[in-house]
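Convention: sequence-line order gives letters A, B, ...; per-chain numbering from 1.
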Number of protein chains: 4
Amino acid sequence: MALIEDYQRVRKYSETLCAPLKVEDYVVQIVEFASPPKWHLGHTSWFFEEFVLKQHDDNYQPFHEQYGYLFNSYYNHAGDRILRANRGNLSRPTVEEVYAYRHYVDQAMLAFIPSIRDEGLHNLIVLGLNHEQQHQELFLTDLKYVLGHNPLLPAYDTARHLVDGGNTTEGTVAIEEGVQAIGHDGTGFAYDNEYTRHKVYINAGSINNYLVTNRDYLEFIEDGGYQNFSLWLEEGWKWVNNHNINAPLYWRETEEGWRYYTLAGDKPVNPDALLCHISFYEACAFAEWNGARLPTEFEWEVSADNLDWGQRWEWTASAYLPYPGYSKQPGAVGEYNGKFMSHQMVLRGASVATSPEHSRKTYRNFFYPHERWQFTGLRLMAC
Amino acid sequence: MALIEDYQRVRKYSETLCAPLKVEDYVVQIVEFASPPKWHLGHTSWFFEEFVLKQHDDNYQPFHEQYGYLFNSYYNHAGDRILRANRGNLSRPTVEEVYAYRHYVDQAMLAFIPSIRDEGLHNLIVLGLNHEQQHQELFLTDLKYVLGHNPLLPAYDTARHLVDGGNTTEGTVAIEEGVQAIGHDGTGFAYDNEYTRHKVYINAGSINNYLVTNRDYLEFIEDGGYQNFSLWLEEGWKWVNNHNINAPLYWRETEEGWRYYTLAGDKPVNPDALLCHISFYEACAFAEWNGARLPTEFEWEVSADNLDWGQRWEWTASAYLPYPGYSKQPGAVGEYNGKFMSHQMVLRGASVATSPEHSRKTYRNFFYPHERWQFTGLRLMAC
Amino acid sequence: MALIEDYQRVRKYSETLCAPLKVEDYVVQIVEFASPPKWHLGHTSWFFEEFVLKQHDDNYQPFHEQYGYLFNSYYNHAGDRILRANRGNLSRPTVEEVYAYRHYVDQAMLAFIPSIRDEGLHNLIVLGLNHEQQHQELFLTDLKYVLGHNPLLPAYDTARHLVDGGNTTEGTVAIEEGVQAIGHDGTGFAYDNEYTRHKVYINAGSINNYLVTNRDYLEFIEDGGYQNFSLWLEEGWKWVNNHNINAPLYWRETEEGWRYYTLAGDKPVNPDALLCHISFYEACAFAEWNGARLPTEFEWEVSADNLDWGQRWEWTASAYLPYPGYSKQPGAVGEYNGKFMSHQMVLRGASVATSPEHSRKTYRNFFYPHERWQFTGLRLMAC
Amino acid sequence: MALIEDYQRVRKYSETLCAPLKVEDYVVQIVEFASPPKWHLGHTSWFFEEFVLKQHDDNYQPFHEQYGYLFNSYYNHAGDRILRANRGNLSRPTVEEVYAYRHYVDQAMLAFIPSIRDEGLHNLIVLGLNHEQQHQELFLTDLKYVLGHNPLLPAYDTARHLVDGGNTTEGTVAIEEGVQAIGHDGTGFAYDNEYTRHKVYINAGSINNYLVTNRDYLEFIEDGGYQNFSLWLEEGWKWVNNHNINAPLYWRETEEGWRYYTLAGDKPVNPDALLCHISFYEACAFAEWNGARLPTEFEWEVSADNLDWGQRWEWTASAYLPYPGYSKQPGAVGEYNGKFMSHQMVLRGASVATSPEHSRKTYRNFFYPHERWQFTGLRLMAC
């Protein structure tokens, strides 16, 4: 049965990602937005326990009465939960206990799945697997944040540094003027925010088939980009000054030049590699400096079949807002996307940290304009 | 000469608005976003001194060497400036000195205007007058904030309470599907953010020809709207809880029912009057509760000729972003609009506090989603 | 009758101090700890209205029902009050109205005083006058804070700059070892914190008969005193670094050398003048650098008859704690001193801003260790 | 050799205390003031490496070049250090690596100690052992803070709950009036803050021979003690209201009555047990409510031989200030005590968490008035 195989494959991949960790690495949280590995392992299991097993499997006995409180993320429908900033405050449950919880849930799910006849329930489990894939990427970005801020700069996995790839294409792709359809067509899985498919008027344009590299960005830095207010949005300029920003996240200037932390450890910045870990503000300032602009998410989507994409989440010029006809699902899963539709910007594409089989051209990722701990990059287009 | 007359009329109106004030009222600032009347009077004069007289009138002698520092608002190009939050820290210059400054600038402008031959310079003065009109509305909203938070609830002008009007129309207006042109056509003055005029694909819809009233909103309150998380955006729900919001700004519950502060003094809430002083979050939650939604700024604009508008700034579903082909002007006036194009939402229409001759259907006002001290209201449309 | 004369003299002096002000100066508050002149005028009147007239004069009609809310400072017994940080938020009542309030209270008091037969009530009025004298000094220090932070650096009164005096004596005064009595002996007015008179064991020592001058302190600055952590208390070192402190309050370095704001306007720092506007932390660091120490309040008091004092409030090494046998009075006036007996340090002496007839050698002034807006200085003694 | 034995005994006791921990427990820090076990183990070793081995043992090779940065606490003399609040951000070094560091330092110390002939160096090692004993108590209080804030309320060691003891004596002890000597007499080890021994005038009084119990304190709670402003110091009243304090730390009200977290797990509050985990503010408010007061540290010390003490650190009425003739040692160890002499209050006695052989009647412990995570209690005396 395909769902069983998908379930096993996705769930196993989360544990594979954890293989290089020490027990101590599972525990630490240093900023509110980056959760500890232990929590990711527990939360992705909680999703199946809370929304599938507790509600649909009459035989299910919850593993522990307080795990719902510990591992709920942001679902108001699912009740009280520990503060997000406090996820790293928990020495208990131990790592061993969290794995026991995962395996308990897995056993129950594997016993339960074959009995499922209802398409809605089937789709809910598919949603749970996509949810877990999102957390697999977050696992990597959150872990990078902790290790990359440790004075010892320990490597996660020297075989996987993930940011050294460069452009494999060049040139531009032409965009034709006219009305085009945007959004998911309903074939296969998609999140609710990719619906409904609707028409958009697209202007003619020309979009780069390559992303901005570290070499490009070093020029911006050396030209005083971070000191020139006229390149920045007002909120961006405040952010730069309040946080003394002068380079992408994980970069630091040394006597031997710029270095950056990667999951394979500390390295000199590779000028050919694609720029990574920048905010929307930096993307806009760089584009302004370059006399170019960011594509809208619609321009990106209508060009996607002709573009080389997938190494970086690409900031777009579009705010994260509902598509015409958008409606959220009832209950807790309706909190998945819709309530976040303010203050955030859309990113398109995927990154080297994205889990296998978890990308498509209609995918709408979204983060706050100042956030940089994802593998974010930038594609320009002509003004 | 029309420009001289416009200059005199607009400048005089600022002083007319100040007529009911006591000296003390000119001085006080209680929140960063609401500046004191003295500062508005100085800043609007500074605009002409800094951008017109200092740069184009060779005969001009600045009034005071430090007024540039005191009365610059947010123009990085124009140098250092006092922190916005500190505008109320200044007992000096006195009100009398600020009026002397205004009149000094006016004399210089009136002597200078007849000599102008350059269209760009002419347009810059027109921009300065529109700028002053914007500050006239801010004068009223900022003053209301100070007086409305004074325990004595003093009236500004008992003849002008400004919020008691109700709907004069009913029914809905149909929107037709298709490609339509959006933005200013270039006839008469418009801000740079209204350009370039461009095509947008509009879906069919139905927009209300009336605004939400206090009666409507009281139902929402009584139905527990402020306590029901499922109606709110995530950022809105945080805002409601962090600030203990349970009613529009200036409302307070008393033993005799809801009352609100108006510029004519404290009054019982009039159920027939149009709802005023709500945030974007409250607008969205109310719409959600009502099974309706906010129009986009494009839906609003294509319907505007058929709508009754002008009593409240109407929150739209559109983020404040540049139109295709937008480019900011060089130098300081380029900071007027463009750099604010993140985090804010577009409001359309105008309000009872808007200055005469300062509204048009392509006007794009913008505020942060939590802001309520403007005369903001809400028009719904069917989902 | 002496009390009537005292009442009139003290009350009038508050208004004399206000003579050089513009209306705007009465209104502004820029930090929580420094209240606007309008508030001082109202609050000192409120003391008599609230504690004397309302409670003891059956004929008294309160001036305005909300003035109690507006002009209570910190008396929990006297009910709700406006937040201290919001005293500058009030454009109303106007200055004229506050003077009307003062005069209304004065008339009632002058009519009421002759009828008083009760000693407790007499003493309460004496307390009210001492209270007003304290606010007269605060009036000057608070006003200096507002004007001294105005970019225009306006003078209050060019005839009174108040900080230019230097030492008039030299040498040291010997302190003899043994048991001595400390505290007020009950002759004349004293605050409750000066009681009870009790015995203290004093060690032999030698205390300077002169205060630290600006010349002395400039040496400390030039020697890197503000950069040398080993001179500072832990809390002081945090304070220096968190606030980037590098000189006394009101000092600023210019191309022509150090200048400071005085109530007579901006001037070059006078090296012979007594050091002023320093924190307890700076006092301690300077003493440490000098190989000396601050006297305790007991050492100060037993030497006071032989010392030249009265130009600066002198930081002592003593924490503000109750004397043996201290007991606070019942009711609101019991909140005058006792509840502040934690976190603060004792200052002894008086300053050039202290009101006439408001100093004595047992007087215990107290402020937080970081506070500098009082006219604070420093006397050293040998370790 | 006694020093070798002392070294081995004290160092081993730190590891004994860690025996019940899981790896995860070593890592977590949830507030700035409570450090993780891993850090305590590293820091106490660093003390010997930094101050003894690096400076006096020519053969010593540092274990790791960055451990100085990671394990310095507050010694400015010893260079840069990780922010105190970030001690829990470190998943690496692992627990295993920290133990390796300890054992490396121990081997070097045990090889080095026999060669020591210098008394100052001997005393420095004794200081290091007393330092480690202080951290042993902090280990318990910090660990209790983490486990006691975990929703699972895990026990540390069910055999050691540490707070259940009650009074074993009753009655009062008379204090005689007169001059008495205070401070350490120089026999055996003492911290610099216990010197110099000096004379103090003591008033006659009567001090309880028993401590306040939970029963006593429950009466205070039930009588509305936390709601009655007139019992509290101003700073205490702000603290109660800002933090919604309504019981000692670790207490919580349940349907079955008050319960508290102990290191042996969650238990009903035992009314006979000595009150624990209160702030100085609560101590003062309780005393005020009781018509009594706290003893000064001098009253405590002169009575100590006749008192039963050692179960709770007892808040005194004395601010933590230097004794007459106090002088700090040169260099880093001079930072041990002296720089903390502001804002803190003296506690006398010892607690059930104090390490064996680490208490004496002249010992001056000190904490900020709001701090409660130590095993703090209260002894009253008559006013």
For [X], does the [atom1] atom have more than 12 heavy-atom neighbours from other residues, nucleotides or ligands under 6.0 Å away?
X: C:Lys54; atom1: NZ; value: yes
X: B:Glu96; atom1: CD; value: no
X: C:Asp80; atom1: CG; value: no

Which atoms of [X] approach chain C - backbone, side chain, both or neither, heavy atom under 4.5 Å:
X: B:His64; answer: side chain
X: B:Pro93; answer: both
X: B:Tyr69; answer: side chain

[X] [atom1] to [Y] [atom2] distance, which is reported to the nearest 0.5 Å:
X: C:Asn150; Y: B:Gln66; atom1: CG; atom2: CD; result: 8.5 Å
X: C:Leu147; Y: B:Arg92; atom1: CG; atom2: CZ; result: 6.0 Å
X: B:Leu152; Y: C:Glu65; atom1: CG; atom2: CD; result: 9.5 Å
X: B:Glu97; Y: C:Glu24; atom1: CD; atom2: CD; result: 8.0 Å

Candidate list B:Thr94, B:Val95, B:Val23, test side-chain contact (heavy atoms from CB on, under 4.5 Å), partner C:Val23, passing option:
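Passing option: B:Val23.
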
Indicate the atoms forming the closest heavy-atom contact of B:Asn89 with C:Val28, along with that distance.
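Reported closest heavy-atom pair: O-CG1, 3.4 Å.
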
Please classify the contact between C:Pro154 and chain B as side chain, backbone, both or neither, with a heavy-atom cut-off of under 4.5 Å.
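Just its side chain gets close to chain B.
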
